[in-house]
S.K.: 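Here it is, the structure, as structure tokens.
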2 protein chains.
Amino acid sequence: MREEIAIFNECAKRKGLKSTSQRALILKTFLGSTSHYSTEELYLKIRKNNPKIGYATVHRALKLFAECGIATELDFGDGQTRFEPLRGDQHHDHLVCTSCGSIIEFTEPKIEELQELVAAKYGFKINRHRHELYGICANCTAIASN
Amino acid sequence: MREEIAIFNECAKRKGLKSTSQRALILKTFLGSTSHYSTEELYLKIRKNNPKIGYATVHRALKLFAECGIATELDFGDGQTRFEPLRGDQHHDHLVCTSCGSIIEFTEPKIEELQELVAAKYGFKINRHRHELYGICANCTAIASN
DNA sequence: TTAAAAATGAAAATGATATTCAGAAAGTAA
DNA sequence: TTACTTTCTGAATATCATTTTCATTTTTAA
Ligand SMILES: [Mn+2]
Ligand SMILES: [Mn+2]
Ligand SMILES: [Zn+2]
Ligand SMILES: [Zn+2]
């Protein structure tokens, strides 16, 4: 959190941006969560305590966080771009429950290695990847079998 | 191709749909390609020979093909939904060149196995997945190094 | 202070996708 | 064939997330 704020401030400075209370609030709220927020969702959350904040400001802040490398953009195919704080270099991928919307994060170094091998076979240089498994989570399965 | 047409006809019949020359043409063009078409792209291609065809008709046909299981919807993050013919059960994933837009298809059974293991660990049942590697293809790398 | 630059937020624009609707075409049963 | 019903088509319009515009406010450096 401290670390991400420092990275962001450095990036903002480099870009010649000014610091505002709105952006600080959005950043704090964003970093303080473990969720995968859409602009709309984060906007509504912040709005509860700060009704004066604008949707566009939240939107611009999230895009900026991604540019500065402290957030990643996600797309789980529900028509809304989502954002999550990028903490350090700990990459992870996602299991997405299409029933309840819950997200499980996973890491599998063997998969990461294999995909590098695949890319190497084609002389392809990977910059980023997306690996999402869609299905039904344990909880939803349990509920359905009642 | 024959096979996909048969599957589609069966599905259309089940749904009580009528057969039209437009849909037949769209289907033939779609199946006859190896591309990953967006609605717009397929529309433009068909339009060259058949200027009377409507965009909405192409769009509805592609969605229908996906419903009937002869096409998959893809999203490479460029803001356009793409479609590709689903030939048999041969699943594959994609390498996407962010420089020239070219697509390389790959299959890696070990990755497929590993992702099943990951899901099992969480009691998660996978229905579908998406695994895309974004970066620079060999060709673009070669061009850049000139 | 003052001036310049950036930020905000409401409103409007954009652009891909989806829907509406009136007329056309296809299927069905004499 | 004809009459009738249902589906289809294509142009236009609607929808909806995202992005941009612009008048005003705020920040920052001089
Ligand atoms: Mn995550
Ligand atoms: Mn493919
Ligand atoms: Zn669930
Ligand atoms: Zn390329």
Side-chain angles (χ1 to χ4, degrees), chain A residues 8-30 36-68 71-83 101, chain B residues 8-30 36-68 71-83 101:
Chain A
F8 176 71
N9 286 339
E10 207 276 307
C11 175
K13 190 175 183 181
R14 206 177 343 114
K15 286 175 178 276
L17 306 183
K18 297 177 175 179
S19 63
T20 66
S21 62
Q22 289 94 331
R23 207 141 58 192
L25 173 65
I26 296 166
L27 180 56
K28 191 184 145 200
T29 310
F30 178 64
H36 303 80
Y37 280 113
S38 66
T39 302
E40 177 77 15
E41 288 168 355
L42 188 60
Y43 166 66
L44 291 176
K45 182 183 171 73
I46 291 177
R47 199 166 218 277
K48 284 181 187 166
N49 300 315
N50 292 73
K52 285 178 292 183
I53 207 127
Y55 182 97
T57 303
V58 176
H59 173 261
R60 281 182 285 226
L62 286 172
K63 297 295 278 187
L64 184 59
F65 298 163
E67 273 183 50
C68 288
T72 358
E73 285 190 45
L74 302 169
D75 174 9
F76 295 150
D78 64 344
Q80 298 221 288
T81 301
R82 293 175 181 282
F83 296 83
Chain B
F8 176 71
N9 287 340
E10 207 276 308
C11 174
K13 192 175 181 181
R14 207 177 343 113
K15 287 173 177 278
L17 306 183
K18 296 177 175 178
S19 63
T20 66
S21 62
Q22 288 94 332
R23 208 141 57 192
L25 173 65
I26 296 166
L27 181 57
K28 192 183 145 199
T29 311
F30 177 64
H36 302 81
Y37 279 114
S38 65
T39 302
E40 177 78 14
E41 287 167 356
L42 188 60
Y43 167 67
L44 290 176
K45 182 182 171 72
I46 292 178
R47 199 165 219 277
K48 283 182 188 165
N49 300 315
N50 293 73
K52 284 178 293 184
I53 208 126
Y55 183 98
T57 303
V58 176
H59 172 260
R60 281 183 285 229
L62 286 172
K63 296 295 279 187
L64 184 58
F65 298 163
E67 273 183 50
C68 289
T72 358
E73 286 190 45
L74 303 169
D75 174 9
F76 295 150
D78 65 344
Q80 298 220 288
T81 301
R82 293 174 182 282
F83 296 83

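Please read these numbers as outputs of a predicted model, since none were measured by experiment. In what follows, chains carry the letters A, B, and so on, assigned in the order in which the sequence lines appear, proteins first and then strands, with residues in each chain numbered from 1.
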S.K.: Using only modelled atom types and a 3.5 angstrom limit, is any donor from either the side chain of B:Arg60 or the base of C:dT20 paired with an acceptor on the other?
M.R.: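 Flag set: donor-acceptor pair detected.
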
S.K.: What is the distance from CG of A:Leu64 to C1' of D:dT19, rounded to the nearest Å?
M.R.: 15 Å

S.K.: Determine: side-chain N/O of A:Thr20 to OP1/OP2 of C:dT8, distance under 4.0 Å, yes or no.
M.R.: yes

S.K.: Rounding to a whole Å, what distance do you find between B:Ile26:CD1 and D:dC8:P?
M.R.: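 Result: 12 Å.
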
S.K.: Any chance the rings of A:Phe83 and A:Phe65 have centres within less than 6.0 Å?
M.R.: no

S.K.: Which residue lies toward the 5' end of DNA chain D, B:Ala56 or A:Gly79, if each is placed at its nearest nucleotide?
M.R.: B:Ala56

S.K.: Give one of base, sugar-phosphate or nothing for B:Thr39, where a contact means two heavy atoms less than 4.0 Å apart.
M.R.: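 Touches nothing.
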
S.K.: What pair of heavy atoms forms the shortest contact from B:Arg82 to B:His36, and how long is it?
M.R.: NH1-O, 3.0 Å

S.K.: Using the side-chain contact (heavy atoms from CB on, under 4.5 Å) definition, which of the options B:Thr57, B:Leu42, B:Leu27, B:Thr81 pairs with B:Leu62?
M.R.: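 Answer after filtering B:Thr57, B:Leu42, B:Leu27, B:Thr81: B:Leu42.
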
S.K.: Give the rounded distance in Å between these two atoms: NZ of A:Lys15 and P of C:dA5.
M.R.: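 Computing the A:Lys15:NZ to C:dA5:P distance gives 19 Å.
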
S.K.: On DNA chain C, check which nucleotide each of B:Leu17 and B:Asp78 is closest to and give me the residue with the more 5' one.
M.R.: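 Final value for this comparison: B:Asp78.
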
S.K.: Which distance, rounded to the nearest 0.5 Å, do you find between the OH of B:Tyr55 and the CD1 of B:Ile46?
M.R.: 12.0 Å

S.K.: Remember a base hit wins even if backbone is also touched, and classify A:Thr81 as base, sugar-phosphate or nothing at under 4.0 Å, heavy atoms.
M.R.: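 Answer is sugar-phosphate: A:Thr81 comes under 4.0 Å of backbone atoms only.
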
S.K.: Using whole Å, report how far CD1 of A:Ile53 lies from C1' of C:dA10.
M.R.: 14 Å

S.K.: For B:Lys13 and D:dT7, what is the distance between atoms NZ and C1' respectively, to the nearest whole Å?
M.R.: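 To the nearest whole Å, that distance equals 17 Å.
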
S.K.: Return the value, rounded to whole Å, for the distance between atom NZ of B:Lys52 and atom P of C:dA24.
M.R.: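 Value for this atom pair: 14 Å.
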
S.K.: Just N and O in the side chain of B:Ser19: are any of them under 4.0 Å from OP1 or OP2 of C:dA26?
M.R.: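 So the side-chain polar atoms of B:Ser19 never come under 4.0 Å of the phosphate oxygens OP1 or OP2 of C:dA26.
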
S.K.: From the options C:dA7, D:dT18, C:dA18, select the nucleotide whose nearest atom is closest to the side chain of B:His59.
M.R.: C:dA18

S.K.: So, is A:Gln22 close to the C:dG9 phosphate, meaning a side-chain N or O under 4.0 Å from OP1 or OP2?
M.R.: yes

S.K.: Should B:Thr57 be listed as having a side-chain N or O under 4.0 Å from OP1 or OP2 of D:dG10?
M.R.: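 Answer yes for this pair, as a side-chain N or O of B:Thr57 is under 4.0 Å from OP1 or OP2.
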
S.K.: How many whole angstroms separate atom OH of A:Tyr55 from atom P of D:dT20?
M.R.: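 Distance, rounded to whole Å: 14 Å.
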
S.K.: Check this one for me: any side-chain N or O of B:Ser38 less than 4.0 Å away from OP1 or OP2 of C:dA16?
M.R.: no

S.K.: Salt-bridged, B:Glu10 to B:Arg14, with N to O below 4.0 Å?
M.R.: yes

S.K.: With a cut-off of less than 4.0 Å, is there a side-chain N or O of B:Lys63 near OP1 or OP2 of C:dA18?
M.R.: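 Looking at the OP1 and OP2 atoms of C:dA18, one of them is under 4.0 Å from a side-chain N or O of B:Lys63.
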
S.K.: From CZ of B:Phe83 over to P of C:dA16, roughly how many Å is that when rounded to an integer?
M.R.: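 Taking CZ of B:Phe83 and P of C:dA16, I get 14 Å after rounding.
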
